Amino acid sequence: MVIESTGVCAACGRSLPPQSGRGRRRMHCDATCRSAARRLRARESHVNHDLTAGGRKDRIYGVAEASGLAAVTQALASVRAAEARLRDAVDAARDGGHTWSELGDVLGTTRQAAFQRFGRPVDPRTGEPMNASILPGAAEKAVDIFVNLAEGNWEAARRDFDAKVAEALPDAPAVASMWAALAGRYGRYEQRMGEPFAHQLGDYTVVDIPLRFEVGEQVGRVSFNRDGTVAGLFVLPREMS
């Protein structure tokens, strides 16, 4: 069966790109929206529809929670729309002759960080845009790693380490010591995480995530190999990212 789709994402409501060819109809923009929809379905499946007093209470709380998740989904869509407008504005500024140094000043970061986030580098080996090679789902995987670190799930955090990173952090206690060292440098992690953004850096997909610690915002960085394994894990001062 040939499918042609120009619908909207079932999670965030953004328009989906045209789809043609054989296969399942696309329902979501990306892995983040798929994950949000999956979590919402999981929560809704646990809502108790029994009409006893306890059942009514469970149902009321379940509906309220689902409504809260819908609000988060809408807010996420707004953030992504703003990010798209920001990228368009950066492209227009570059077309107008402004330098990455000027853009970095406006964005409150370095020219290198501005280029890594918004630039459109070309791979000199292939002539193809390097951003097109970003590992699918990399941002969601990077978020999961830092969530596991924050929650003390050390084995889960190191599950996808490649051989080199696994050698540096060979077991759960080593990962725990690394996270404790970060607390000694930046203070307590305040359980606040910004919107991740992924870019291609050579042969690696790099995901940067703003993280809020006691002393201020730092940047968590995860580098992925082409096979999805973790080639690097860092927490950097914001000005170095």
Side-chain angles (χ1 to χ4, degrees), residues 30-32 35 75-76 79-80 82-87 89-90 99-121 130-131 133-154 156-162 164-165 168-169 174-225 228-241:
D30 53 26
T32 301
S35 178
L76 178 60
V79 168
R80 288 178 172 169
E83 179 74 13
R85 291 195 299 271
L86 178 57
R87 179 172 290 279
V90 170
T99 66
W100 286 113
S101 181
E102 290 175 315
L103 286 165
D105 289 342
V106 172
L107 295 167
T109 188
T110 65
R111 63 181 179 181
Q112 181 182 11
F115 174 74
Q116 287 178 351
R117 182 172 181 180
F118 296 105
R120 302 184 185 276
M130 296 180 74
N131 285 345
S133 301
I134 288 176
L135 180 71
E140 188 174 44
K141 290 183 66 174
V143 168
D144 285 344
I145 289 172
F146 280 105
V147 167
N148 282 321
L149 289 172
E151 294 180 348
N153 300 324
W154 315 121
R158 66 181 302 275
R159 181 175 52 232
D160 293 327
F161 287 178
D162 69 6
K164 185 175 181 180
V165 180
L169 298 169
V175 177
S177 295
M178 177 271 293
W179 190 250
L182 291 171
R185 179 180 302 176
Y186 301 123
R188 184 184 69 257
Y189 175 57
E190 297 184 347
Q191 304 291 339
R192 293 173 59 189
M193 186 181 297
E195 181 75 6
F197 60 92
H199 57 276
Q200 196 69 15
L201 190 60
D203 291 327
Y204 302 99
T205 293
V206 178
V207 181
D208 287 343
I209 309 173
L211 304 173
R212 175 66 64 174
F213 288 84
E214 240 180 305
V215 301
E217 187 176 286
Q218 314 304 320
V219 175
R221 173 171 290 177
V222 185
S223 301
F224 292 98
N225 296 304
T229 56
V230 176
L233 177 63
F234 314 91
V235 174
L236 306 171
R238 188 171 183 271
E239 60 271 14
M240 293 179 59
S241 65

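Source: prediction; values computed, not measured. All values below were derived from every heavy atom in this structure, side-chain atoms included, with hydrogens, water molecules and symmetry-related copies excluded.
Using a 4.5 Å heavy-atom threshold, the side chains of Leu149 and Tyr189 count as separate. The shortest distance between side-chain heavy atoms of Thr229 and Phe161 does not fall below 4.5 Å. Side-chain contact between Phe234 and Asp208 is absent, with no heavy atoms from C-beta onward closer than 4.5 Å. The closest side-chain heavy-atom distance from Met193 to Val147 is below 4.5 Å.
Between Glu190 atom CD and Phe213 atom CZ the span is 9.5 Å, to the nearest 0.5 Å. To the nearest 0.5 Å, the span separating CG on Leu233 from CH2 on Trp179 amounts to 8.5 Å. Glu214 CD to Arg185 CZ: the interatomic distance, rounded to the nearest 0.5 Å, is 15.5 Å. Atom OG1 of residue Thr110 and atom CG of residue Leu103 lie 12.0 Å apart, to the nearest 0.5 angstrom.
Heavy atoms only, all atoms of each residue included: Val207 and Ala198 are closest at CG2-CB, 3.9 Å. Contact record, Tyr186 with Pro237: OH-CD, 3.4 Å, taken as the closest heavy-atom pair. Closest approach of Ala174 to Leu169, counting heavy atoms only: O-CD2, 3.7 Å. Between Ile209 and Pro196, the shortest heavy-atom contact is CG1-CB, 3.7 Å. Across all non-hydrogen atoms, the minimal contact from Ala142 to Val222 is CB-CG2, 3.9 Å. Among all heavy-atom pairs drawn from Asp160 and Gly228, the shortest one is CB-O, 4.5 Å.
The aromatic rings of Trp100 and Phe115 sit perpendicular to each other, their planes meeting at more than 60°, with 30° as the lower class boundary.
With hydrogens and angles ignored, the 3.5 Å screen pairs no side-chain donor or acceptor of Arg221 with any backbone N or O of Leu236. Formation of a donor-acceptor pair under 3.5 Å by the Gln218 side chain with backbone atoms of Leu211 is not found in this model. The backbone N or O of Thr99 sits less than 3.5 Å from a side-chain atom of Glu102, completing a donor-acceptor pair.
With sequence neighbours excluded, the residues forming a side chain to side chain contact (heavy atoms under 4.5 Å, CB included) with Leu135 are Ala138, Thr205, Phe224, listed by chain and number. Glu217 pairs by the salt bridge (charged side-chain N to carboxylate O under 4.0 Å, His left out) definition with Arg238, not counting sequence neighbours. Every salt bridge (charged side-chain N to carboxylate O under 4.0 Å, His left out) that Glu83 has, sequence neighbours left out, goes to Arg117.
Summarising the local packing, CZ of Arg212 is surrounded by more than 12 heavy atoms from other residues, nucleotides or ligands at distances under 6.0 Å.
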